[in-house]
Amino acid sequence: MDLEITAEDSTFFCEDGDENGLLNGSSSDEAESTSEPRSGNDRPNMLSEFASEFYSGGSDYSSLMGNKKKNGLFVQKNLLQMWGIEKSGAADSSESRVSMENRKRKKSENEKEQWAVFGLNQKEFEKGKKPAIVQSRSCPFYKKIPGTPFTVDAFRYGAIEGCSAYFLSHFHYDHYGGLSKRWCHGPIYCTSITARLLNICLSVNKRYICALELDKEYEIEGVKVMLIEANHCPGAALIHLRLRDGRTYLHTGDFRASKSMQSHPILLSYHVNVLYLDTTYCNPKYRFPSKEEVIDFVVRTTRKYLQKQPKTLIVVGAYSIGKERVYLAISQSLQILPIYTDASRRRILESFGWSELSGRFSNSRHSSPLHVLPLSFLGLENLNKYLETLNQRFNAVLAFRPTGWTFSEATGSKLDMIKPTSRGNVTIFGVPYSEHSSFNELRDFVKFLRPEKIIPTVNASSSGSRDKMQALFNNWLKS
DNA sequence: GCGATCAGTT
DNA sequence: CACAACTGATCGC
């Protein structure tokens, strides 16, 4: 099961590209099971140990520090523990034990349901006989590009039959999932920033990484390829493809559409036949302000709080890459320096080679008035304890959680209506800083491109939402 | 003991 | 409530 297939041989891709039943309404869910058996480990791992152990901590930026040693790596249990304000281990609060047991019970209830639902008896289930639909995880159709040997963001399916070029649109877990130092199924095409992250965070063998410059045309397996800035996270790209037969495809990966995208020469020069679209917020209820407006709000708010209380610690939450502009803007417009973040995130941010960012960082929590912390840490309780660890240096915390969903039509784009949650000296603002297109931005982009066919890549698993989106597309494209 | 996958969290 | 994107727990080799 180790076939070397050329572009022309790749018969598994439906030539007419209509197997997905999205436009013509034909019912073929079978397209999805165009069976590639998971041929996971059919090849000896011939990778050399080029990456040092130091880098093998995955994308978890916190894994390089901390208090517990695991396989030669230091892995932290908990930020508060590591700063010495909370005991580790033996904390035998009966509360946590109870919730553990609750979870266990919940779990086993789920299992009971499972074997019943899938028509297995309990013995079969416990023996590990898995229902068929769980067993076969094959690459969904919308990750394959018909008429090419290409896939996009499809790394968790082992070797994909007929695929000789694997594109990665950007470095977020739900897109790169499946990549590791053991990847050996074929070349990975991505931007140079993403390429560096594959090396630094996942130790993917360099011989599989093919970095492409933005806005430059390449020819790969007979297809003209161009990556375009996606306005998502650093390194994120739209993938523009022109096949030999004249068809043009655009895969947006994850993106935030904007007016300026509409003046990209290649989008003006070639009519797009098929659009693979990031439909994350493809519902009229998602209206949020531009990034600039949100950043302006964040800066204004920060200024206000600092005037009231100069000894305020500013905190911005972020999980992996993305949202950099939020804390950069605070730092730049209010001359707040340096920025503290942990060593691992710092390494990642500095790898962008972004001169505005690099050079602003410090290792010292105590000497920095602006901290970038994991989003999951941004709660009232945690921040309050955090403030205590910085004894006396600060006497209040102002935190921002930049997330996409925050607002629906009611609150709309009136940023000043945002009410923070606060307790004592800790204030937390959720701000609608989105790195995906709003509904209107999506609509405008689609109306600009006027593709013949749109394949949603998000929210596409239920037929209900697929139909809903298709109705919207039809409406946008009529007349 | 490890990586892969699932389920739960914000 | 939403939701993408994580994190931690459990599974299976």
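All values below were derived from every heavy atom in this structure, side-chain atoms included, with hydrogens, water molecules and symmetry-related copies excluded. Here is how names work: the chains are called A, B, and so on, in the same order as the sequence lines, proteins then strands, and each is numbered from 1.
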Item checked: Pair assignment for DNA chain B - dot-bracket with | for other-strand partners, Watson-Crick or G-U under 3.5 Å -> ||||||||||

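- A donor atom on one side chain and an acceptor atom on the other are not found under 3.5 Å apart for A:Asn199 and A:Arg196.
- As judged by a 4.0 angstrom heavy-atom cut-off over every strand, A:Asn283 is placed among residues making no nucleic acid contact.
- Of the candidates C:dC3, C:dA5, B:dG3, the closest approach to any side-chain atom of A:Lys181 belongs to B:dG3.
- Distance, A:Tyr176 OH to B:dA4 C1': 14 Å, rounded to whole Å.
- The listed nucleotides are C:dA4, C:dA2, B:dT5; the one nearest the side chain of A:Tyr286 is C:dA2.
- The ring of A:Tyr340 has its center no closer than 6.0 angstrom to the ring center of A:Phe361.
- If you check C:dA2, C:dA5, B:dA4 against the side chain of A:Asp254, the one that comes closest is C:dA5.
- For A:Arg401, whose side chain is taken as the heavy atoms from C-beta onward, the closest listed nucleotide among C:dA5, C:dC3, B:dT10 is B:dT10.
- Considering only side-chain N and O atoms, A:His232 lies under 4.0 angstrom from the phosphate OP1 or OP2 of C:dA5.
- Nearest heavy atom pair, residue A:Tyr142 against residue A:Ile455, reads CB-CG2, 3.6 Å.
- Between A:Ile428 atom CD1 and B:dT10 atom P there is a gap of 12 Å when expressed in whole angstrom units.
- One can place CZ of A:Phe377 at 23 Å from P of C:dA5, the figure rounded to the nearest angstrom.
- A:Asn459 has a side-chain polar atom (N or O) that falls below the 4.0 Å cut-off from OP1 or OP2 of C:dA4.
- When each of A:Trp183, A:Tyr189, A:Phe150 is paired with A:Tyr166, the ring-ring contact (aromatic ring centres under 6.0 Å, His included) condition holds for A:Trp183 and for no other.
- Considering only side-chain atoms of A:Lys285, the nucleotide from C:dA2, C:dA4, B:dA4 that sits closest is C:dA2.
- Protein atom CG of A:Asp278 is 12 Å distant from nucleotide atom C1' of C:dC3, rounded to whole Å.
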Note to self: What verdict does the salt bridge (Lys or Arg N to Asp or Glu O under 4.0 Å) test give for A:Asp342 and A:Arg346, after you've listed the backbone C-alpha separation in whole Å, the side-chain angles of each residue and the deciding distance to 0.1 Å?
What the structure shows: CA-CA 6 Å; A:Asp342 65 82; A:Arg346 185 175 162 181; over 6 Å; no

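- Rounded to an integer number of Å, the gap from A:Lys323 NZ to C:dA4 P is 12 Å.
- One can place CG of A:Asp153 at 11 Å from P of C:dA5, the figure rounded to the nearest angstrom.
- A:Tyr173 places its OH atom 18 Å from the P atom of B:dT9, with the value rounded to the nearest Å.
- Distance A:Asp174 CG to B:dT5 P: 15 Å, rounded to the nearest Å.
- At a cut-off of 3.5 Å, with distance as the only test, a side-chain donor of A:Ser331 or A:Arg360 sits close to an acceptor on the other residue.
- Between A:His175 and C:dA4 there is no side-chain polar atom (N or O) within less than 4.0 angstrom of OP1 or OP2.
- Dashed line: the shortest gap from a side-chain N or O of A:Arg182 to OP1 or OP2 of B:dA4 is under 4.0 Å.
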Quiz: residues 418-430 of chain A side-chain donor-acceptor pairs under 3.5 angstrom, not counting sequence neighbours:
residue, atom, partner, partner atom, Å
A:Asn425, ND2, A:Asn395, O, 3.3

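- Side-chain atoms of A:Lys468 and A:Asn459 include no donor-acceptor pair closer than 3.5 Å.
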